[in-house]
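First the structure, in the form of structure tokens, and then the observations on it.
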Number of protein chains: 2
Amino acid sequence: MKKKSIKDIAQDLGVSKTTVSFVLNKKGDEKNISKKTQKVILDYIEEVGYQPNQIAKSLKNGTTNTIGYLVPDISNPFYAKIGRMIEDLLWEKGYHLLIGSTDEKKEKEELLLNMFVNRQVDGLIIASCFIKGDVLKSLSRQNFPMVFFDREDPEFLANYILVENKNPMKEAIQKTIDKGAKKIGLLSITPDVYSLKLRIDGYKQALTDNALEYDENLLRIVDYNHIKESAQKELKYLIEAGVDVVVFTNNQITATAIWLMNMHYPEKVKEITFVSFDNLDIFDYSMPRVISIAQPIMSIARQSVDILEEVIKNKESKNTRIELKPKLIER
Amino acid sequence: MKKKSIKDIAQDLGVSKTTVSFVLNKKGDEKNISKKTQKVILDYIEEVGYQPNQIAKSLKNGTTNTIGYLVPDISNPFYAKIGRMIEDLLWEKGYHLLIGSTDEKKEKEELLLNMFVNRQVDGLIIASCFIKGDVLKSLSRQNFPMVFFDREDPEFLANYILVENKNPMKEAIQKTIDKGAKKIGLLSITPDVYSLKLRIDGYKQALTDNALEYDENLLRIVDYNHIKESAQKELKYLIEAGVDVVVFTNNQITATAIWLMNMHYPEKVKEITFVSFDNLDIFDYSMPRVISIAQPIMSIARQSVDILEEVIKNKESKNTRIELKPKLIER
DNA sequence: ACGATTTAGTAAACCGATTTAGCAAAACCG
DNA sequence: CGGTTTTGCTAAATCGGTTTACTAAATCGT
């Protein structure tokens, strides 16, 4: 017994497709379908367990009630948690989430974007590694509903939900300097991403504000494709250089470094302080001590959904830029 | 300049939709379209940046190249990581992932399942909280391509990718008993899930094997809807009861308990040992010491995808049941 | 009782692709 | 040169819904 379509139902009951469609969409009264016919149809629907084909609906309506969520890695807790909140917020509005992880690769990002667009998603929520790519440019020109979060390209006008980067990073580092830090290193993944660059700027600013020498050898870049090995090498460099504070530009790299410290330098975990952009629960008790900058995950999700909903409704793009304040967690 | 359809292209070039469609699908030669016409069409396609409407394709073909991934919580690292691997594996085969989090709620699970089916997903990968529900039963009757992982219902025949539960749990606990553990408590979320029940059985078995008394007061159930508060209460109970080992049935509850121990009982973290089904990186260095049972995440993802692909291809369901071996990590 | 309105419903076009069946012109064959 | 085959292309049906335009019968108003 294969699945029934509206046509089958109409035939079985000896009415027209139109009538069935009206009743299914609760337009029975409005369209003058008699109560009796309505009941017959509804009962039969119930009996055979009819389920509408959303694909057909989407084709006709031109809307899929699906949103694309494009991030570097959906299994990174930051993106996973925001994704989960977005899922819940959209669920209430009848939307669902199609996901894609870019691995910070431009090529994959563009393939995924095209895939999303081909599937007629109604909108996109994106943490892009390469905002100025052709596909995004072209979508932007067409006023395709999009909201960018976590990362921006200042030369690309769009809807952004961001978190202040430079100052909070500077202030977090200042706390360690106030407590006597003298030699401060930094570990980051690719600084090509503008938001990460701003965080690094905050680091530099903190140093110069305090008349500490900025030694570019203490700014180490980790290879995203081999995080563990690369971080191990760079962390070793910093420790041997005698730093008392290490700064990280995102949670993933901090978590890796905490693990590395405990595995390879357990005797040093008490002497060194970490500063992390992004927060994780484990920072509450892990060693080394971590001063972290917690991003307002819930707000990011909520604002992204709100703005996206707005641009989907009013086809005009407004290029809203919202900058949220992160929270400094000392410890 | 709105998006062009095949019809527009055909009109613009003065050929038929059929011809355009053939060329787009690389059937030009086979269908005797002259090289010249093919080139004209391909060039024009390129020029206007034509993108096919997947929704229309799907409606006609009856296949969406989309798989539904249904889990209790996509932001739980276990499901997030498996999801990510599945995403990558499916990506190579041209499939994409639609996600849904059930929050262990039967009602939400069934709404999501219907949503997935309505959207005509080609298959489902599911960690279900309620396998015997009506929707799954009905899908199973229709031979809908599905693979279940992480959780099973022994009375429900289906494709399962599982991990052995009882014995590994028993053996992990045995290690602590060998080292002198006397009073062993357990913390779990809902034991209605059969796999969790098996883990709990392993716990009971370990006790009886060693002639330790099984005290059901030491088996504490945490409310999934208020994990932190509830875990705090139950953990407190166990600690005050004087346990020297606490066993957990999944990573989420272990992570919560580690945090609670460090926050509320820092003086006890050295005296107590944790046993956790599921592993997390932090267990490598966190206190209390954790003996964990690491699930073979990569294999789970790979097998799920392989089996699903198979059942999608051969519409017959085979009800394969694969049980993988987890790995004990002592520390 | 007769025209106007309301009730109850339907046929057909449409969304954007794929695919079957078929047609006209050109090329081939003996 | 007449018949067959090949080449090059197209009209129309289809997937499963929604929606517009329309009709026939019943009811209403006077």
Side-chain angles (χ1 to χ4, degrees), chain A residues 2-42 44-45 48-66 114-115 117-122, chain B residues 2-42 44-45 48-66 114-115 117-122:
Chain A
K2 57 191 261 279
K3 271 196 279 181
K4 301 234 178 220
S5 69
I6 282 199
K7 193 177 161 194
D8 299 326
I9 303 221
Q11 267 165 7
D12 292 355
L13 295 179
V15 296
S16 74
K17 286 186 352 176
T18 314
T19 307
V20 177
S21 175
F22 284 157
V23 173
L24 282 173
N25 291 294
K26 314 210 179 308
K27 291 190 185 153
D29 291 340
E30 178 193 335
K31 297 289 182 176
N32 287 322
I33 310 299
S34 70
K35 293 281 179 212
K36 201 169 105 194
T37 308
Q38 289 196 42
K39 183 158 178 355
V40 169
I41 293 175
L42 290 174
Y44 192 65
I45 289 310
V48 300
Y50 168 79
Q51 293 284 359
N53 182 325
Q54 275 294 340
I55 296 292
K57 265 188 151 129
S58 293
L59 179 59
K60 178 63 182 159
N61 300 340
T63 137
T64 53
N65 282 332
T66 303
N114 276 329
M115 179 280 275
V117 173
N118 293 350
R119 276 154 199 258
Q120 316 296 117
V121 295
D122 295 339
Chain B
K2 58 192 261 278
K3 272 196 281 180
K4 301 233 179 225
S5 69
I6 282 198
K7 192 177 162 193
D8 299 326
I9 308 240
Q11 267 165 8
D12 292 354
L13 295 179
V15 297
S16 76
K17 289 186 345 178
T18 314
T19 308
V20 178
S21 176
F22 284 157
V23 173
L24 282 173
N25 291 295
K26 314 213 177 307
K27 292 191 186 154
D29 292 339
E30 177 193 336
K31 297 289 181 176
N32 287 321
I33 309 300
S34 69
K35 292 282 179 213
K36 201 168 105 197
T37 308
Q38 289 197 43
K39 184 160 180 349
V40 169
I41 293 174
L42 290 174
Y44 192 66
I45 289 309
V48 301
Y50 168 79
Q51 294 283 0
N53 183 324
Q54 275 294 339
I55 296 293
K57 264 188 153 131
S58 293
L59 178 59
K60 178 64 180 148
N61 300 339
T63 136
T64 53
N65 281 333
T66 304
N114 276 328
M115 179 279 275
V117 173
N118 292 350
R119 278 154 198 258
Q120 315 296 118
V121 296
D122 295 339

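Chain letters run A, B, ... following the sequence lines, proteins first, then strands; residues in each count from 1. All values derive from a computational prediction rather than experimental measurement.
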My understanding is that only residues two or more places apart in sequence, or in another chain, count here; which of them pass side chain to side chain contact (heavy atoms under 4.5 Å, CB included) with [X]?
{"X": "A/Lys60", "result": "none"}
{"X": "B/Thr64", "result": "A/Ile55, B/Ser58, B/Thr66, B/Gln120, B/Asp122"}
{"X": "B/Leu13", "result": "B/Ile9, B/Val15, B/Val40, B/Ile41, B/Tyr44"}
{"X": "B/Asn32", "result": "none"}

Residue closer to the 5' end of DNA chain D, B/Thr19 versus A/Ala56 (nearest nucleotide) |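 Nearer the 5' end of the strand: B/Thr19.
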
Which is true for [X] with a 4.0 Å heavy-atom rule: it touches a base, it touches only sugar-phosphate, or it touches nothing?
{"X": "B/Ile6", "value": "sugar-phosphate"}
{"X": "B/Ser58", "value": "nothing"}
{"X": "A/Lys57", "value": "sugar-phosphate"}

Of B/Phe22 and B/Ile55, whose closest DNA chain C nucleotide lies nearer the 5' terminus?
->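 By nearest-heavy-atom nucleotide position, the 5'-most residue is B/Ile55.
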
side-chain hydrogen bond (donor to acceptor under 3.5 Å, both in side chains) involving [X] - partner list, sequence neighbours excluded:
{"X": "A/Thr19", "value": "A/Ser16"}
{"X": "A/Thr37", "value": "A/Ser34"}
{"X": "A/Lys7", "value": "none"}

Between the main-chain N or O of B/Ser5 and the side-chain N or O of B/Asp8, is there a donor-acceptor pair closer than 3.5 Å?
-> yes

Whole-Å distance separating the [atom1] atom of [X] from the [atom2] atom of [N]:
{"X": "B/Arg119", "N": "D/dG17", "atom1": "CZ", "atom2": "P", "result": "15 Å"}
{"X": "B/Ile41", "N": "D/dG8", "atom1": "CD1", "atom2": "P", "result": "13 Å"}
{"X": "A/Gln51", "N": "D/dG16", "atom1": "CD", "atom2": "P", "result": "15 Å"}
{"X": "A/Leu59", "N": "D/dC15", "atom1": "CG", "atom2": "P", "result": "14 Å"}

Would you indicate, yes or no, if D/dC9 has its OP1 or OP2 atom less than 4.0 angstrom from a side-chain nitrogen or oxygen of B/Ser34?
->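 For D/dC9, OP1/OP2 do have a side-chain N/O of B/Ser34 under 4.0 Å.
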
Would you say A/Ser21 reaches D/dT18's phosphate, i.e. side-chain N/O to OP1/OP2 under 4.0 Å?
->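 For D/dT18, OP1 or OP2 has a side-chain N or O of A/Ser21 closer than 4.0 Å.
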
Can you measure from [atom1] ([X]) to [atom2] ([Y]) and round to the nearest 0.5 angstrom?
{"X": "B/Ile6", "Y": "B/Gln11", "atom1": "CD1", "atom2": "CD", "answer": "12.5 Å"}
{"X": "B/Gln51", "Y": "A/Arg119", "atom1": "CD", "atom2": "CZ", "answer": "12.5 Å"}
{"X": "A/Ile45", "Y": "A/Lys4", "atom1": "CD1", "atom2": "NZ", "answer": "10.0 Å"}
{"X": "A/Phe22", "Y": "A/Gln38", "atom1": "CZ", "atom2": "CD", "answer": "11.5 Å"}

Could you tell me from which nucleotide to which nucleotide of DNA chain C, 5' to 3', there is an atom under 4.0 Å from chain B heavy atoms?
-> C/dG16 to C/dT20

Apply salt bridge (charged side-chain N to carboxylate O under 4.0 Å, His left out) to B/Lys35 and list each qualifying residue two or more places apart in sequence or on a separate chain.
-> B/Asp29

Kindly state which residues belonging to residues 25-33 of chain B come within less than 4.0 angstrom of DNA chain C, counting heavy atoms of the residue only, listed by number.
->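 Under 4.0 Å from DNA chain C: B/Asn25, B/Lys27.
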
Using a heavy-atom distance cut-off of less than 4.0 Å, which residues of residues 10-18 of chain B contact DNA chain D?
->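 Residues of residues 10-18 of chain B that come under 4.0 Å of DNA chain D are, in numerical order, B/Gly14, B/Val15, B/Ser16, B/Thr18.
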
At how many degrees, to 10°, do the end axes of the helix from C/dA1-D/dT30 to C/dG30-D/dC1 meet when each uses five pairs?
->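 One end's axis against the other's: 50°.
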
Mind running side-chain contact (heavy atoms from CB on, under 4.5 Å) on A/Asn65 and A/Lys57 for me, showing each step along the way?
-> CA-CA 10 Å; A/Asn65 282 332; A/Lys57 265 188 151 129; over 6 Å; no

